[in-house]
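Hydrogens, waters and symmetry mates play no part in the numbers below; they use all other heavy atoms, side chains included.
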Amino acid sequence: SIRGSAALAGSSKLFVDPISGNTLSGAEPGDEVRVQIVLRNSGDGVASDIVVEDPLDLSKLTTIVPRDGGVLTGNTVRWQGLNLAPGATQLLRIDARLRTPLDNDPLVNQARSGVAGATPSILTDDPRFPGSEDPTVLEVLSPPDLRSSTKDARVGSERLVSPGESFDY
């Protein structure tokens with residue numbers, strides 16, 4: 001008898017806008033983002049009892065809501081008991097919000113999967129870049145907000161400064 005084999009390599013991961021579904025390359029602190037994993041069986045056999053784990057950076061993400069049967073434990077969202085026919089895909093999602101404030105420091109993330117009780121070790125790929133198994137990167141765009149900044153010069157009651165005069169502000 002000839003048996004086919006499952007192949008989960010080629011599964012992808014992106015950050016997308018949770019409303020429009022558009023792929024995000026960057027987002028600002030406080031923005032809502034969706035992690036979207038497309039699990040793909042590119043083999044010619046059924047992939048049974050699939051486990052997917054996605055460790056998240058909780059220093060950058062908050063309000064984490066796993067979707068599609070995922071469970072958050074600590075910093076990892078996990079799906080288990082999934083089955084995929086040859087050529088089939090399954091969408092797995094996580095909704096989250098970028099913490100505020102945040103520095104301009106990218107959020108780099110990669111999920112991993114495995115089958116039939118094996119430790120998940122097959123890495124997801126960011127399909128925006130060539131090659132396989134690249135981590136997915138979301139640029140954190142944290143522009144300075146100077147709208148509430150003020151200057152106050154302390155130089156007497158009229159607040160006038162003459163050329164060459166020193167003052168504190």
Derivation and outcome, side-chain contact (heavy atoms from CB on, under 4.5 Å), residues Leu141 and Asp31: CA-CA 10 Å; Leu141 309 171; Asp31 284 355; over 6 Å; no
Step-by-step side-chain contact (heavy atoms from CB on, under 4.5 Å) determination, Asp95 to Glu32: CA-CA 7 Å; Asp95 290 339; Glu32 291 182 11; over 6 Å; no
Evaluation steps, side-chain contact (heavy atoms from CB on, under 4.5 Å), between Leu98 and Leu61: CA-CA 5 Å; Leu98 284 172; Leu61 294 172; 3.9 Å; yes
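The minimum heavy-atom distance linking Ile37 with Ala111 is given by the pair CD1-CB, 3.8 Å. Closest non-hydrogen pair, Asp126 versus Pro135, comes out as CB-O, 3.6 Å. Nearest approach of Gly70 to Val77, heavy atoms of both residues: CA-CG1, 4.2 Å. Residues Asp17 and Ser20 share a closest heavy-atom pair of OD1-N, 2.9 Å. Annotation for Ser48 and Asn83: closest pair CA-OD1, 3.1 Å, computed over non-hydrogen atoms. Between Val33 and Ala27, the shortest heavy-atom distance links the atoms CG1-CB, 4.1 Å.
At a threshold of 4.5 Å between side-chain heavy atoms, the hydrophobic network of Ile, Leu, Val, Met, Phe, Trp and Tyr places Leu92 and Leu24 in one connected group. No path of Ile, Leu, Val, Met, Phe, Trp and Tyr side chains, each step under 4.5 Å between heavy atoms, connects Val38 with Trp79, placing them in separate hydrophobic clusters. If you chain together hydrophobic residues whose side chains sit under 4.5 Å apart, Leu39 and Leu14 never meet in one group. Under the 4.5 Å side-chain heavy-atom criterion for ILVMFWY residues, a single connected hydrophobic cluster contains both Phe15 and Leu72. Hydrophobic clustering (side-chain heavy atoms under 4.5 Å, transitive across Ile, Leu, Val, Met, Phe, Trp, Tyr) keeps Val137 apart from Leu102.
Side-chain atoms of Asp103 and Val140, non-hydrogen and from C-beta on, never get closer than 4.5 Å to each other. Using a 4.5 Å heavy-atom cutoff, the side chains of Thr73 and Arg78 are not in contact.
Here the side chain of Arg128 pairs no donor or acceptor atom with the backbone of Thr136 at under 3.5 angstrom. Using a distance-only test at 3.5 Å, with no hydrogens or angles considered, no donor-acceptor pair links the side chain of Glu53 to the main chain of Arg112. A distance-only check finds no donor-acceptor pair linking the side chain of Asp134 to the backbone of Asp125 [under 3.5 Å]. A donor-acceptor distance shorter than 3.5 angstrom exists from the side chain of Ser42 to the backbone of Ala7, with no hydrogens or angles considered. Not one N or O on the side chain of Asp49 forms a donor-acceptor pair closer than 3.5 Å with the backbone of Leu82. Of the possible polar contacts, none joining the Asn41 side chain to the Ala88 backbone as a donor-acceptor pair under 3.5 Å is found.
Annotation: the span from Thr89 atom OG1 to Arg40 atom CZ amounts to 6.0 Å, rounded to 0.5 Å. The structure places CD1 of Ile64 at 12.0 Å from CZ of Arg97, a figure rounded to the nearest 0.5 Å.
Counting only residues at least two apart or in different chains, salt bridge (charged side-chain N to carboxylate O under 4.0 Å, His left out) contacts with residues 55-66 comprise Lys60-Asp105.
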